[in-house]
Asks: 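Let me give you the structure first, and then I'll get to my questions.
Just so it is clear: chains get the letters A, B, ... in the order the sequence lines come, proteins before strands, and each one is counted from 1. Small disclaimer: the values here were computed from a predicted structure and weren't measured.
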Amino acid sequence: MPELPEVEVILRGLAPRLQNRRILAVAVGEKRLRQESSPGEFGRWLPGRNILELERRGKYLLFHLEGKVILLLHLGMTGRLLLQPTPSPALPHAHLLLQLEGGLQLVFQDVRRFGQALVFPPGVAPAPLSQVGREPFSRQVTPQWLSQEARARSRAVKNFLMDGRVLAGIGNIYANEILFAARLHPATPAGDLSVEDWTRVLKETRRILKAAIAKGGTTVSDYLNSQGETGLFQLELLVYGREGEPCKTCGQPLVRMAQGGRSTFFCPRCQKEK
DNA sequence: CACCCCACCTGCGTGC
DNA sequence: TGCACGCAGGTGGGGT
């Protein structure tokens, strides 16, 4: 579910409420997430620590705790982070519950359990972050760099955009929207794009991610922010999930195809093969 | 290495 | 009504 904009919205909602708030206790759900520290590790490293700062890297959320302890969360497809008053009725599929001072609790809920919740003691670098690519809004990301990264790559530009080891945070929804806006066929080999193409892709990437953040993210089924509210950017999607509907630019029916096991939506007229 | 496919899960909508 | 099937915002391991 959550891609960069959704994680960013959650971060912005949580940061002012969590900063400088102490974790009192931790509860862990029965079933394990795909990647999850043991209950013992959570119990050892979290209770009693103050939350100093929140950070986003790609689709990961980092909680920097007192004493250089890091709590790393990834929401997978169906993860939610809900901040509630204590006590609140128990939620189904709650996998981690942080009891906080001031009558609040933070619940990590994840139906499909593709998410991650890992704690890292002082001095231990969070391993998953070593695989995370550059931030789309970083000055380190330029059309020239993208072109260089894509050089001699035969894989489809859409799969390239979704490769979090290159550009972090772009998932299936936004990859579709970006390529429609940049008028590129999603199956174009990444290495075939010119620097001008990459200039357009980067501009549209930043514009769309920024607009999605401003609209509170995209809710197609599960996504809720930390206050339990849906996003609004689904109202602005131009291609994702719109198979058979007319293209908003040219009226041609939009097409769906599969790429790497994921659905790709595009306009066969506006997004011609190169 | 680059690339592809599949596994990992649960729930929901569709069509028979 | 019930059941089978396909599909869903992601990642990572293993095979080619």
Asks: With a 4.0 Å cut-off on heavy atoms, is A:V111 in touch with a base, just the backbone sugar-phosphate, or nothing at all?
Replies: sugar-phosphate
Asks: Please walk me through it: do A:V201 and A:L184 pass side chain to side chain contact (heavy atoms under 4.5 Å, CB included)?
Replies: CA-CA 9 Å; A:V201 168; A:L184 286 169; 3.4 Å; yes
Asks: Just compare C:dG10, C:dG12, B:dT10 and give me whichever is closest to any side-chain atom of A:Q35.
Replies: C:dG12
Asks: Under 4.0 angstrom, heavy atoms only, what part of the nucleic acid is A:F160 near: base, sugar-phosphate, or nothing?
Replies: nothing
Asks: How many whole angstroms separate atom CD of A:Q259 from atom C1' of B:dC3?
Replies: 14 Å
Asks: Could you state the atom-to-atom distance from CG of A:N176 to C1' of C:dA8 in whole Å?
Replies: 13 Å
Asks: A:E3 has an atom CD; how far is it from atom C1' of C:dT11, in whole Å?
Replies: 13 Å
Asks: Students often get this wrong, so: under 4.0 angstrom with heavy atoms, is A:Y240 touching a base, only sugar-phosphate, or nothing?
Replies: sugar-phosphate
Asks: I'd like to know if the side chain of A:E41 and the backbone of A:S37 have a donor-acceptor N/O pair within less than 3.5 Å.
Replies: no
Asks: Taking only the P atom of each, what is the distance from B:dC5 to C:dC7 in whole angstrom?
Replies: 15 Å
Asks: Ignoring backbone atoms, test whether A:S263 places a side-chain nitrogen or oxygen under 4.0 Å from the OP1 or OP2 oxygen of C:dA8.
Replies: yes
Asks: Before you tell me yes or no, could you show the steps for A:R155 and A:D163 under salt bridge (Lys or Arg N to Asp or Glu O under 4.0 Å), namely the whole-Å CA-CA distance, both residues' side-chain angles and the distance that decides it to 0.1 Å?
Replies: CA-CA 11 Å; A:R155 65 198 305 209; A:D163 186 343; 2.8 Å; yes
Asks: Ignoring hydrogens and angles, answer whether the base of B:dC9 and the side-chain atoms of A:R112 contain a donor-acceptor pair closer than 3.5 Å.
Replies: yes
Asks: Taking the six-membered ring for Trp, are A:F63 and A:W45 ring centroids under 6.0 Å apart?
Replies: no
Asks: Whether A:K31 contacts B:dC9 is assessed here as follows: a side-chain N or O lying under 4.0 Å from the phosphate OP1 or OP2. Is that the case?
Replies: no
Asks: Closest approach to the side chain of A:N159, judged atom by atom: which nucleotide of C:dC7, C:dG12, B:dC4 is it?
Replies: B:dC4
Asks: Could you state the atom-to-atom distance from CZ of A:R165 to P of C:dG12 in whole Å?
Replies: 9 Å
Asks: Is A:F114 stacked on the base of C:dT11, with ring centres under 5.5 Å apart and planes under 30° apart?
Replies: no
Asks: Regarding A:R262, tell me which of base, sugar-phosphate or nothing describes its non-hydrogen contacts under 4.0 Å with the strands shown.
Replies: base
Asks: Quickly work out the A:M77 CE to B:dG11 C1' distance and round it to whole Å.
Replies: 12 Å
Asks: When the distance from CD of A:Q109 to C1' of B:dC9 is rounded to whole Å, what number comes out?
Replies: 15 Å
Asks: Within a 6.0 Å radius of atom CZ on A:R165, are there more than 12 heavy atoms belonging to other residues, nucleotides or ligands?
Replies: no
Asks: Using a 4.0 Å heavy-atom cut-off across all strands, classify A:R34 as base, sugar-phosphate, or nothing.
Replies: base
Asks: Is the phosphate of B:dT10, meaning OP1 or OP2, less than 4.0 Å from a side-chain N or O of A:H93?
Replies: no
Asks: Side-chain N or O of A:T78 less than 4.0 angstrom from OP1 or OP2 on B:dC9?
Replies: no
Asks: Could you give the distance separating C:dG14 and B:dC9 at their P atoms, to the nearest angstrom?
Replies: 15 Å
Asks: Answer with base, sugar-phosphate or nothing: what part of the nucleic acid does A:G171 contact at a heavy-atom distance below 4.0 Å?
Replies: sugar-phosphate
Asks: Could you please name the option among C:dC7, C:dG12, C:dG10 that lies closest to any side-chain atom of A:Q116?
Replies: C:dG12
Asks: So, A:N50 side chain and A:L52 main chain: donor-acceptor pair closer than 3.5 Å or not?
Replies: no
